Amino acid sequence: MVATGSGPRPAGSALGVDIGGTNIKWVHRADAAVVARGTLPTPAAGPAQVAAAIAEIAAARTVEAIGVALPGHLSPDLRSTTTIPNIDGDWQGFPLADMLERATAKPVLLMNDARAFASAELALGAARGHSDVVFMTMGTGIGGAIALGGTVLRGPGDRIGEIGHMTAAPGGDRCGCGARGCLETVAGGRALATAWSRALDSRGTGNQDRSATPEDLVQAARSGDTTARKILDTAATAVSTALGSVLAQLGLSTVVVGGGVAPAFDMMRPAVEPVLRDRWRLIGPVTLLAAALGPYAGAMGAALNATAQPLVVPSAPPRLSAI
Ligand SMILES: [Zn+2]
């Protein structure tokens, strides 16, 4: 590795890639604007194929650096993946940054996806102008991040802020992380969909051709289904309890909520707000903000991360055959 710059650089051009369990989203950011973006299915054959897909996107664009966001944790040097629970394949110890640098001859920086989402919302979105914020992403699972003093905290292996893995139901369902009863097993999108599927099956109205989705649940709750409402209320109580604890612990009072299930958050507000009001004496009124950047926030955060770091290029010649 050869460092060719010193200190943070101004916004350059970067490819930001957000790897999800279902899709890979990417943005090409240049001169502080998104000039192109796209989505493709996440290859199911494992990390080498995911790396090849990213190299292919990079080959078609002119960028100075590549940022990659992943739904999991990284090695202490942030170069390899460790625990990536919701994407197929063996990601433990996979040297994604080195592999992509060899394939693309660009500096590559990895980041947790919730921390990437938070970085983008802090710099460009709902949290712009705030410096101390808790972020929560409600999607298939529940991600989290914490910004203090205008910086998103990352910590060893990019592991700070896992609100979704706070225990909400001791001894409850097994979580993808290995523990039981984590918040996301109670209130994550997958858990909500499973609960709604069970409710439909018990009524004999389940759809045999298609699994229920969180959106189905929300739609049913909106149209007055009491069981659907009860499932959402249970989720809201779990979310607000965890969130209240986090805010009290950190002494913070601003929250940004995003992710695919976030549009349903308005239905959870009646259950969430009284719980957060009980925290007033400690932290004052809580401000709940809806994320502003949409589904490409994680990819934008990955691109920002890539351009905010000192420029480092691989010393080895590019080897496109490496992947
Ligand atoms: Zn967990």
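This one's a predicted model, so the numbers in the text were calculated from it and none came from an experiment. Indexing begins at 1, ligand by ligand and atom by atom, following the structure's order. Every heavy atom of this structure was used, including side-chain atoms; hydrogens, water molecules and symmetry mates were not.
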Participant: Is R115 salt-bridged to E162, going by a charged N under 4.0 Å from an acidic O?
Facilitator: yes
Participant: Which protein N, O or S atoms lie under 2.8 Å from the Zn ion (ligand 1)?
Facilitator: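 Atoms qualifying: H165 ND1, C175 SG, C177 SG, C182 SG.
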Participant: Give a yes or no on whether the backbone of A126 and the side-chain of E121 come within a donor-acceptor separation of less than 3.5 Å.
Facilitator: yes
Participant: Among residues at least two apart in sequence or on other chains, which ones pass side chain to side chain donor-acceptor pair (under 3.5 Å) with T39?
Facilitator: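 Partners of T39 by the side chain to side chain donor-acceptor pair (under 3.5 Å) criterion, ordered by chain and then number, come out as Y296.
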Participant: Identify, with sequence neighbours excluded, every residue that meets salt bridge (charged side-chain N to carboxylate O under 4.0 Å, His left out) alongside R269.
Facilitator: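 Applying salt bridge (charged side-chain N to carboxylate O under 4.0 Å, His left out) to R269 gives E273.
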Participant: Taking the basic N atoms (NZ, or NE/NH1/NH2) and the acidic carboxylate oxygens, is any pair closer than 4.0 Å for R190 and D173?
Facilitator: no
Participant: By side chain to side chain donor-acceptor pair (under 3.5 Å), which residues pair with S80, not counting sequence neighbours?
Facilitator: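 So S80 forms no side chain to side chain donor-acceptor pair (under 3.5 Å) with any residue.
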